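Following: one structure in structure tokens, then a few remarks.
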Amino acid sequence: MQHNLYLYNSLTRQKEKFEAISSPFVGLYVCGPTVYSNVHLGNSRTFMTFDVLFRYLKYLGYKVRYVRNITDVGHITTEFDEGVDRIGAQAKLEMLEPMEVVQKYTVYFHWVMEMFNNLPPSIEPTATGHIIEQIEMVKKILDAGFAYEINGSVYFDVRAYLEKHKYGELSGRNVEELFENTRDLDGQDEKKFFADFALWKNASAEHIMRWPSPWGEGFPGWHLECSAMSTKYLGEVFDIHGGGMDLKFPHHESEVAQNTAACGHGPVRYWLHANMLTVNGQKMSKSLGNSFLPHELFSGDHPVLTKGYSPMVVRFFMMQAHYRSPLDFSNEAIQAAAKGYKRLMTAIALIDQLKPSATSGFDVKEFTEKCHSAMDDDLNTPILISHLFDGVRVINSCAEGKLPLTENDINLLSKVFHSFVFDIIGLRKETATEDQSQLVLSLMEFILKLRREAKENKDYAASDKIRNELAEMNIIIKDSKDGTDWKYETN
RNA sequence: GGUCCUGUGGCCGAGCGGCUAGGCUCAGCUCUGCAAAAGCUGCUACAGCGGUUCGAAUCCGCUCGGGACCUCCA
């Protein structure tokens, strides 16, 4: 595969050239949502980030198997005391069957992914659909001597693991230091060591979600599903694993340990972590009350929001920041993004109307290469977008007859813009279901004729009235030398 | 308290040793009946203090500020 893609690998803390294990195939695993509540905007940012990676790898010609799980059991709120399963807890709260909870929030999740134009993953496995695989993995880890059973639960034995392997490499953590900083180690815990984590939890009498296992009825630990499912669908070693930064520890660290314990080696070549979305400088989170849901952002129906924004404006807004930087949400910032997005889309629509010249005043090849190298540099979408706006200026100048472009260059420019804007960044046109029926076209022609006549008679009150009234119907009038254009716009 | 990241102009946000990021905002000009759009020009930057270097927003140290993680988190 001919390319020059570099990705920042959390494991080595540096950018590395991406080399697929068995090109042209690439295995990509991304930690999906725990479907006990609606995904919020911060979650969406992570999935958008890896959607761009998925898209770019495909653009480069790779055959990507993109696996993104749905966590529908095992995500425990606290591992001390009883261990409350998030799905189970929410089921009680809403008085629903756990699988109703799962279904409800999975449907919302899929809707949001579609609204943001994220491509569906190749496989979207659920934890409950892979109980057998998880039990098998627990057995393997037990057999290897890196886990122990107690009261029907099985825990990963971090101290035993530390004798042969490192724990904490990915997140840069030192277990001894963790120990020093963890207070209140009460003796109530069944774990032998504070850093041990559950592979399999015994289900108490009232626990709804339960499966038979060699250790009695129970349910799998959260970290285990990713290990089991990534191994099943991508193999013992695969190319890329992604997720939000807040999953680095303990989730991903434990995943590495489980795989290493079961197979003798780490599972992943490149670990990628997306940074957080903040609101007023603080991580978006439910407990802080600063999180809002995608549909609230679309409608503007939330105290934090001054108005609604379309999904593509939101996506564009996210793409203007690098995925490894925190991104702060504010009304002002997204307002600015909305205008930028419109400017970009308007220019793209203009490309096909450009009139070719015999010569070109712009180097389209060089432009294309710049766009490529931006993406090659660890998916630097903000730089890519800055280049695209250089292209926007070129398109607009050409449209005004101030800059010549050959027919070949125009075609090339059109191709490049479509590739990067639609295929790679994953924006899509948000045409406001424009009614192109003959009736509408005739009526508009008639209205514009009335306005032209008013203008010719210098009856500007009338012409302005027509323009203003149309604007209220979201029909935007633009006068130019050649006449008057109109278009229907939303937002 | 520990580990790590970060501090750029009115706002957002790249850059990571020398070369205009870009978007939005604001001002002027061109176009225009006026708008809008577009083009051109301009306006404010690299938290502070030291150090390394011919040269630092970029490397090092300290100070101050912000954030993430340290078994809920995308």
Side-chain angles (χ1 to χ4, degrees), chain A residues 13 30-34 36 39-50 75-80 84 86 168 171-174 177-183 191 194-198 222-223 242-251 253-254 273-278 281-287 291 316-317 320-322 324-344 346-347 350 374 380-390 392-393 395-397 399-403 455 458-460 463-464 467-468 471 476-481 485:
Chain A
R13 289 173 186 78
V30 173
C31 289
T34 301
Y36 71 103
V39 278
H40 64 64
L41 197 66
N43 304 317
S44 306
R45 184 187 182 197
T46 299
F47 299 123
M48 242 180 255
T49 294
F50 293 107
H75 197 155
I76 293 164
T77 52
T78 167
E79 289 199 6
F80 297 102
V84 183
R86 282 200 169 285
S171 55
R173 238 153 266 253
N174 177 317
E177 273 171 9
L178 278 177
F179 184 68
E180 283 169 16
N181 292 300
T182 305
R183 323 206 182 280
K191 290 188 288 188
F194 78 99
D196 293 350
F197 51 91
W222 175 38
H223 312 309
M245 261 186 182
D246 47 359
L247 294 186
K248 216 190 232 184
F249 187 88
H251 185 58
E253 198 67 71
S254 302
H273 288 97
N275 215 319
M276 301 292 103
L277 181 75
T278 60
Q282 281 207 301
K283 178 181 170 182
M284 180 175 275
S285 86
K286 281 173 193 160
S287 51
S291 73
F316 180 77
F317 168 70
Q320 276 193 305
H322 187 88
R324 278 193 293 116
S325 298
L327 172 62
D328 193 55
F329 179 90
S330 68
N331 285 285
E332 296 73 28
I334 198 157
Q335 185 72 55
K339 291 191 180 174
Y341 170 74
K342 188 178 163 194
R343 184 168 142 86
L344 178 65
T346 308
L350 257 181
N380 199 328
T381 53
I383 290 291
L384 169 65
I385 289 171
S386 83
H387 293 324
L388 290 173
F389 276 108
D390 290 338
V392 165
R393 184 165 298 118
I395 292 164
N396 288 330
S397 295
E400 290 199 349
K402 288 176 179 165
L403 190 136
K455 280 172 72 177
K458 298 208 192 294
D459 182 3
Y460 295 123
S463 70
D464 287 353
R467 184 170 63 198
N468 293 337
I476 308 300
I477 297 291
K478 264 194 232 177
D479 289 333
S480 69
K481 283 173 208 156
D485 279 339

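On a predicted model such as this, the values are computed, not experimentally measured, just so you know. The chains referred to below are lettered A, B, ... by the order of the sequence lines, with proteins before strands, and numbering in each begins at 1.
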Collect all protein-nucleotide pairs involving nucleotides 12-15 of chain B in which both atoms are nitrogen or oxygen and the distance is under 3.5 Å.
from, atom 1, to, atom 2, distance (Å)
B:G13, OP1, A:D328, N, 3.1
B:G13, O2', A:Q320, O, 3.4
B:A14, OP1, A:H322, N, 2.7
B:A14, OP1, A:S325, OG, 3.2
B:G15, OP1, A:N380, ND2, 3.1

Using the P atom as the reference point in each nucleotide, state the distance between B:A74 and B:A68 in Å, no decimals. 15 Å
Partner nucleotide, any strand, of B:U30 [Watson-Crick/G-U, under 3.5 Å]: B:A38
d(CG, A:L350; C1', B:G39) in whole Å: 13 Å
Rounded to whole angstroms, how far apart are NE2 on A:H251 and C1' on B:C69? 15 Å
If you look at every strand shown and take non-hydrogen atoms under 4.0 Å, does A:S397 touch a base, only sugar-phosphate, or nothing? sugar-phosphate
In whole angstroms, how far is the P atom of B:C34 from the CG atom of A:D459? 16 Å
Of A:Y341 and A:E400, the one whose nearest nucleotide on RNA chain B sits closer to the 5' end is A:Y341
In whole Å, I'd like the distance from the CG atom of A:D246 to the P atom of B:G67. 16 Å
A:K248 NZ to B:A74 P: how many Å, rounded? 16 Å
CG/A:D246 to NE2/A:H273 distance, rounded to the nearest 0.5 angstrom? 9.0 Å
Quick one: A:Q282 CD to B:C5 P, roughly how many Å, whole number? 21 Å
When you measure from the side chain of A:K283, which nucleotide among B:C69, B:G33, B:A74 comes out closest? B:C69
Pairwise P distance for B:A37 and B:G28, with rounding to whole Å: 15 Å
For residues A:N275 and A:R45, determine if any side-chain heavy atom of one lies less than 4.5 Å from a side-chain heavy atom of the other. yes
Mark this stacking check for A:F47 against B:A74 as yes or no, applying ring centres under 5.5 Å and ring planes under 30°. no
Note, A:R343 side chain near A:N396 side chain (heavy atom, < 4.5 Å): yes
Kindly say whether, by distance alone, the side chain of A:D464 makes a donor-acceptor pair under 3.5 Å with the base of B:G33? yes
From the set B:G23, B:C73, B:G2, return the single nucleotide nearest to any side-chain atom of A:F389. B:G23
I'd like to check A:M276 versus A:M284 (side-chain heavy atoms, cut-off strictly below 4.5 Å). Are they in contact? no
Using only side-chain N and O atoms of A:R343, determine if any of them is under 4.0 Å from OP1 or OP2 of B:G22. no
Between the OH atom in A:Y341 and the CD1 atom in A:I385, the distance rounded to the nearest 0.5 Å is 12.0 Å
Kindly give the heavy-atom pair with the smallest separation between A:G340 and A:F389, and that separation in Å. O-CZ, 3.4 Å
If I pick the C1' atom on B:C46 and the same atom on B:G65, what distance separates them, to the nearest angstrom? 16 Å
Distance between the P atoms of B:U63 and B:C43, in whole angstroms? 38 Å
Any-strand Watson-Crick or G-U partner of B:G9, both distances under 3.5 Å: none
What is the nucleic acid contact for A:G42, judged by heavy atoms within less than 4.0 Å: base, sugar-phosphate only, or nothing? base
Any N or O donor-acceptor pair linking the side chain of A:R467 to the base of B:C34 at under 3.5 Å? yes
Polar side-chain contact A:K402-B:C40 base: donor and acceptor under 3.5 Å: no
For A:K339 and B:U25, is the shortest distance between a side-chain N/O and OP1 or OP2 below 4.0 Å? yes
Nearest whole Å is fine: how far is B:C69 P from A:M276 CE? 7 Å
Quick note, A:E332 side chain, CB onward, closest among B:A37, B:A68, B:C11 is B:C11
Can you tell me if A:T278 uses its side chain to pair, donor with acceptor, with the backbone of A:L327 under 3.5 Å? yes
Between B:C5 and B:C11, how far is it from one C1' atom to the other, in whole Å? 23 Å
NE2 of A:H223 to OG of A:S254, rounded to nearest 0.5 Å, is 4.0 Å
With P as the reference atom in both, quote the distance from B:A47 to B:G66 in angstrom, rounded to an integer. 16 Å
For the P atoms, the ones on B:G1 and on B:G18, what distance do you get once it is rounded to whole angstrom? 36 Å
Has the side chain of A:D479 got a donor or acceptor that lies under 3.5 Å from a partner of the other kind on the base of B:C34? yes
Whole-Å C1' distance, B:U52 and B:G10: 35 Å
Measure from the side chain of A:N396, starting at C-beta and using heavy atoms only, and say which of B:A74, B:G22, B:A38 lies closest. B:A38
Could you say whether A:R324 or A:L247 is positioned toward the 5' end of RNA chain B, judged by the nucleotide with the nearest heavy atom to each? A:R324
Report the nucleotide, chosen from B:G2, B:C11, B:G39, that has the shortest atom-to-atom distance to any side-chain atom of A:R173. B:G2
If pairing means Watson-Crick or G-U wobble with both distances under 3.5 Å, then the partner of B:U3 is B:A68
Who pairs with B:C62 - Watson-Crick or G-U, where each distance is under 3.5 Å: B:G48
A:F249 CZ to B:U3 P: how many Å, rounded? 15 Å
Hey, can you tell me if A:F317 and A:F329 have their rings parallel, tilted or perpendicular (30° and 60° cut-offs)? perpendicular
Atom pair CD1 (A:I477) and CG (A:D485), whose distance is rounded to the nearest 0.5 Å: 9.0 Å
